[in-house]
2 protein chains.
Amino acid sequence: MRRKPLGMIVGGMMSAMFRELKRRTSERTDSKLTIDQVGLLYAISQNDRDVTQQDMAELMLKDKSSILRMIDSLENKELVRRAVDREDRRKNQIFVTKKGERTIEQYLQIEFELMDELLDGLSADDLDAFYRVVNHIRTRAEGALFCANS
Amino acid sequence: MRRKPLGMIVGGMMSAMFRELKRRTSERTDSKLTIDQVGLLYAISQNDRDVTQQDMAELMLKDKSSILRMIDSLENKELVRRAVDREDRRKNQIFVTKKGERTIEQYLQIEFELMDELLDGLSADDLDAFYRVVNHIRTRAEGALFCANS
DNA sequence: ACAATTAGTTGTAATAATCAACTATTTGTA
DNA sequence: TACAAATAGTTGATTATTACAACTAATTGT
């Protein structure tokens, strides 16, 4: 009996999860954002310091032009604003607007609600182990990436 | 301190993992397949009975026309073949060719290798818990989906 | 002062996904 | 049996996402 590939096991879980999340958010919010757009918005708002597009490109593992267009889209929806960095005029600082913050809250509420349902019935020990493994895999995968690029 | 959304935690792990997987497969294989195409190929080969495009659409949570085009692509690369079902001529049965099987093996080898690296250092207990949680989440997410559609 | 680097922008092309409309076939039922 | 409904697959059109390359403007290093 051969073991199943990790990517497919976890991938299946993610598909099912994201599909349900997408269904709920499209039902219960007006602003139509993709999962990635919400992720970007959230990442901008959570960061300790003012972020640039380049920062976000590295964080989200995407090309800078992809991020640029995502931010175009978010700015059109008035969820973020760009402002030229005073100290380095090549850079744009990205700010989340009040409307953007409200939007994040709306999405987070839906996501936490779903999360509660999905995790219900699991022991605290299992959950701890789960997060440990997730972090371990992510760190290793990014480490492999780092080595490859350097 | 607010907890982080599950989708973003696991999503980050998946991005890092898939990015590294993509890098390795594009380096070490000639046939350029996406992760999803490999997943489809694998799903066809692993299924107990002969599968139809509709089956795969349900399994992969995609539109049937998406699957159709993925299979077009796989058939062009001579990795699968279609044949009309003798008992229900509306259906196509999808078969994996020998070349397709060799291709799956090639990808699986890369994936298992990466998997070993990523999971190295984790205890068996943590891994068991991890798989338990993954299955739990997937089952619940699909259940939510099922209820919503019925 | 000038080359190299960096951040952002734009154009373009490739890919992927979905929706709706359509054909062919099968199933259910009046 | 005949005909409506459902099913599987196909096609066309549209949309979104992504990446790559070429470009501008600003900054850094020598």
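Within every chain, numbering begins at 1; the chains are lettered A, B, ... in the order of the sequence lines, protein sequences first and strands thereafter. Just so you know, these numbers use all the heavy atoms, side chains as well, and skip hydrogens, waters and symmetry mates.
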What nucleic acid atoms does [X] come within less than 4.0 Å of, heavy atoms only: base, sugar-phosphate, or nothing?
{"X": "A:K91", "answer": "sugar-phosphate"}
{"X": "B:T52", "answer": "sugar-phosphate"}
{"X": "A:D36", "answer": "sugar-phosphate"}

Check: Can we say A:E75 and A:R81 salt-bridge, meaning some charged N sits less than 4.0 Å from an Asp/Glu carboxylate O?
Finding: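 Salt bridge: yes.
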Item checked: B:R28 and B:E113 ion-paired at < 4.0 Å ->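 Yes.
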Can a side chain N or O of [X] be found less than 4.0 Å away from OP1 or OP2 on [N]?
{"X": "B:Q53", "N": "D:dT10", "result": "yes"}
{"X": "A:S66", "N": "D:dA19", "result": "yes"}
{"X": "B:R90", "N": "C:dT26", "result": "no"}
{"X": "B:R82", "N": "D:dT10", "result": "yes"}
{"X": "A:K62", "N": "D:dT18", "result": "yes"}

Margin query: Quick check: do B:M8 and A:E111 have side-chain heavy atoms less than 4.5 Å from each other?
Written below: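 The answer is yes, as the side chains (C-beta and beyond) meet within the 4.5 Å cut-off.
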Note to self: With heavy-atom distances below 4.5 Å as the criterion, would you say the side chains of B:M17 and B:L118 are in contact?
What the structure shows: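 B:M17 vs B:L118: side chains touch.
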Please give, in whole Å, the distance from [N] [atom2] to [X] [atom1]?
{"X": "A:M56", "N": "C:dA7", "atom1": "CE", "atom2": "C1'", "result": "14 Å"}
{"X": "A:R19", "N": "C:dT18", "atom1": "CZ", "atom2": "C1'", "result": "12 Å"}
{"X": "B:D63", "N": "D:dT10", "atom1": "CG", "atom2": "C1'", "result": "12 Å"}
{"X": "A:E58", "N": "C:dT6", "atom1": "CD", "atom2": "C1'", "result": "11 Å"}
{"X": "A:L40", "N": "D:dT18", "atom1": "CG", "atom2": "P", "result": "10 Å"}
{"X": "A:K22", "N": "D:dA16", "atom1": "NZ", "atom2": "P", "result": "12 Å"}
{"X": "B:I71", "N": "C:dA16", "atom1": "CD1", "atom2": "P", "result": "14 Å"}
{"X": "A:L61", "N": "D:dT18", "atom1": "CG", "atom2": "P", "result": "12 Å"}

Next item on the list: Answer with yes or no whether the side chains of A:D55 and A:T52 bring together a donor and an acceptor at under 3.5 Å.
Entry: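 There is such a pair between these side chains.
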Next item on the list: Verify the distance criterion only: is there a donor paired with an acceptor across the side chains of B:Q93 and B:R86 at less than 3.5 Å?
Entry: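 Short answer, no.
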If you only use heavy atoms from C-beta on, which nucleotide in [options] is closest to the side chain of [X]?
{"X": "A:R69", "options": "C:dT10, C:dT9, C:dT25", "result": "C:dT10"}
{"X": "A:S65", "options": "C:dT25, D:dA19, C:dA16", "result": "D:dA19"}
{"X": "B:K64", "options": "C:dT9, D:dA8, D:dC20", "result": "D:dA8"}

Check: Between A:D88 and A:D72, which has a closest nucleotide on DNA chain C that is more 5'?
Finding: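 Per heavy-atom nearest nucleotide, the more 5' residue is A:D88.
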Next item on the list: Could you check A:E87 against B:V51 and say which one's nearest nucleotide on DNA chain D is further toward the 5' end?
Entry: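 The residue whose closest nucleotide sits nearer the 5' end is B:V51.
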